[in-house]
Amino acid sequence: MSGTIIFIYLAFIGAGIFLCLLRMLKGPTASDRAVAVDTITTTVVALLVFLGFVFKRYVYLDVALVYSLLAFVGLVAIARFLEKGI
Amino acid sequence: MMIIVVSLFVLLMLVAAVAALIFKDLMSAVIAACMVSLIASILFYFLQAPDVAMAEASIGAALITAVFIVAIRRTERFEE
Amino acid sequence: MNGFGTIITGIGVLFLFLGNLGVLRLPDVYNRIQAGTKCTTLGAFLAILGIGILEPSWFWKACLIALFVMATNPISSHAIARASNKIGVPLCHKTVVDQTKDFKKDRKT
Amino acid sequence: MPEVKYKTIHRMRSFAYLFFILFISWLALTSSFQWQELSIGVFISFALSLVLHKNYLALGFPPLSIKRLVFIIIYMIMLFKEIVVANIDVAYRVIHPKMPIKPGIVLIKTGLKQDIAKMILANSITLTPGTFTLDILGDTLLIHWINVQSQKTDETTKMIGERFEKYLRVIFAE
């Protein structure tokens, strides 16, 4: 995989994260923002595995696993709070 | 080449942090703060420090969010 | 083998981008969840699998991460959707039918 | 006392399944075959399955057989095909400038009994074209549909749930 292709893929993923960030800024309710963070999390797990391939380190895959697990826990906590309401 | 991607992520983190300051709905502010620490974790990853990235993801995304949510539930949700 | 893995990763990255675009464009919460769940699940699955093909000694761990993403992503989206349905987030003006009231009638009894 | 004997066999079988699953996931996570790591893995899997096999029993997984295995593999292949179709469908709706969507919230019924079967059905519905599970109560599921074609509960059940249920009913039969 050559350097140009790596840069194109990284640019696509970065642009996607930027679009989600725009939705998080605009979103009329808190649910919209939570959905945006959920989408960003999944995108970032793919990004972390891809960067591990770019840097050629096997240890970096563990970070992706821990990241997806903990973001899942945080999102479920937010969803539980939204459900109970004020 | 990498420096462009890193500066893009720094910019995103800055925008999310300013958003966390501005929002009047404190729940949205907590979600934005969660996102700031997620992007900080990616930046540590770029700087070749995977252990720090792991600690930042666990503390920032899970623990701090839960603590803030408990605090909001005890007080009130909307700032005036 | 190298080109095959590159193409698979590229398709995955394209789907990830389309999912993020859908989160920005679609009109209300439920439609956004549809785009954000489906496209990013397949996109992340294909991208991680393509990396596993490119680097054969990483294949099993990459499969484990992909399966993990595929199992947890629907659950977290479902939690958010259930919460927003319960607190009554408004639907967009294109909506044709809303049968939540029938369901709630069942819930009381 | 045939009842007690059956229960003991059932419990031992669930213990064996749980031990097998835990040990396979340990192997996948460490991905090394040195004897120190293998012995630690056997010890931890044994202790965890000794404590947790009652919870595994409460989940209600049916015992494994060759027919079920074949149906599980067919189910996986069909699910993957549906996921690809779903993605192309949603991507088309996103890219199209006018966004041809017609969303709505409908009810469907299911005939499955176990909770784990309902969970698998709900997750499969979430990942397939245009539908998304919002809530479950008893045998009723609340579905958000991006392109509503019918509003009667019978027809929606036939159009959304039936293609998965006919496999799941065989897999989770008593």
Side-chain angles (χ1 to χ4, degrees), chain A residues 1-2 5-6 8-13 15-24 26-32 34-50 52-53 56 58 61-62 64-65 68-69 71-86, chain C residues 2-3 5-6 9-10 12-14 16-26 28-30 32-33 35-37 39-41 43-48 50-52 54-55 57-58 61-62 64-66 68-69 71-73 75-90:
Chain A
M1 197 188 267
S2 67
I5 296 179
I6 289 175
I8 291 173
Y9 286 179
L10 280 182
F12 260 97
I13 295 180
I17 293 178
F18 180 69
L19 293 179
C20 266
L21 193 79
L22 279 184
R23 172 49 65 196
M24 199 207 75
K26 270 165 73 176
T29 61
S31 302
D32 290 297
V35 171
V37 172
D38 184 19
T39 312
I40 286 178
T41 303
T42 315
T43 312
V44 162
V45 172
L47 172 70
L48 289 186
V49 175
F50 187 69
F53 171 73
K56 303 273 183 215
Y58 180 72
L61 289 187
D62 291 336
L65 204 61
S68 64
L69 181 65
F72 172 68
V73 171
L75 276 169
V76 170
I78 290 173
R80 266 188 72 89
F81 174 75
L82 282 176
E83 188 177 329
K84 291 281 169 57
I86 297 276
Chain C
N2 215 332
T6 310
T9 314
V13 168
L14 191 67
L16 280 176
F17 179 73
L18 286 178
N20 292 340
L21 186 67
V23 170
L24 182 64
R25 272 199 73 193
L26 289 173
D28 73 352
V29 180
Y30 307 103
R32 278 173 206 144
I33 291 176
T37 304
C39 284
T40 57
T41 305
F45 185 79
L46 285 183
I48 295 171
I51 297 296
L54 280 174
E55 195 90 9
S57 62
W58 295 10
K61 197 131 194 182
L64 198 70
I65 297 175
F68 195 76
V69 166
T72 57
N73 205 1
I75 297 176
S76 64
S77 311
H78 169 75
I80 297 172
R82 184 161 177 260
S84 41
N85 185 38
K86 237 178 200 177
I87 60 177
V89 174

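Chain letters run A, B, ... following the sequence lines, proteins first, then strands; residues in each count from 1. Only a predicted model underlies this, so the values are computations on that prediction, with no experimental measurement involved. Just the heavy atoms: all of them, side chains too, but no hydrogens, waters or symmetry mates, feed the values below.
- Here the CG atom belonging to C/Leu24 is positioned 9.5 Å from the CZ atom belonging to A/Phe18, to the nearest 0.5 angstrom.
- If you measure heavy-atom distances from C/Leu16 to chain A, the contacts under 4.5 Å come from the side chain alone.
- When all heavy atoms are compared, the tightest approach of C/Asn20 to A/Cys20 is OD1-SG, 3.6 Å.
- Between atom OG1 of residue A/Thr29 and atom CG of residue C/Asp28 there is a gap of 9.5 Å, rounded to the nearest 0.5 Å.
- Here OG1 of C/Thr40 is found 11.5 Å from CD1 of A/Ile40. Values are rounded to the nearest 0.5 Å.
- Within the model, atoms CG of C/Leu64 and CG of A/Leu65 stand 6.0 Å from one another, a figure rounded to the nearest 0.5 Å.
- Residues C/Ser84 and A/Ser31 come closest through the heavy atom pair CB-OG, 3.5 Å.
- Separation of atoms CG (A/Asp38) and OG (C/Ser76) is listed at 4.0 Å; rounding is to 0.5 Å.
- Annotation for A/Ala64 and C/Ile65: closest pair CB-CD1, 4.3 Å, computed over non-hydrogen atoms.
- Paired with C/Phe17 under the rule side chain to side chain contact (heavy atoms under 4.5 Å, CB included), one option of A/Leu19, A/Ile17, A/Ile13 passes, and it is A/Leu19.
- Proximity to chain C (any heavy atom under 4.5 Å) is shown, for A/Phe12, by both the backbone and the side chain.
- Within the 4.5 angstrom heavy-atom criterion, only side-chain atoms of C/Val69, from C-beta onward, approach chain A.
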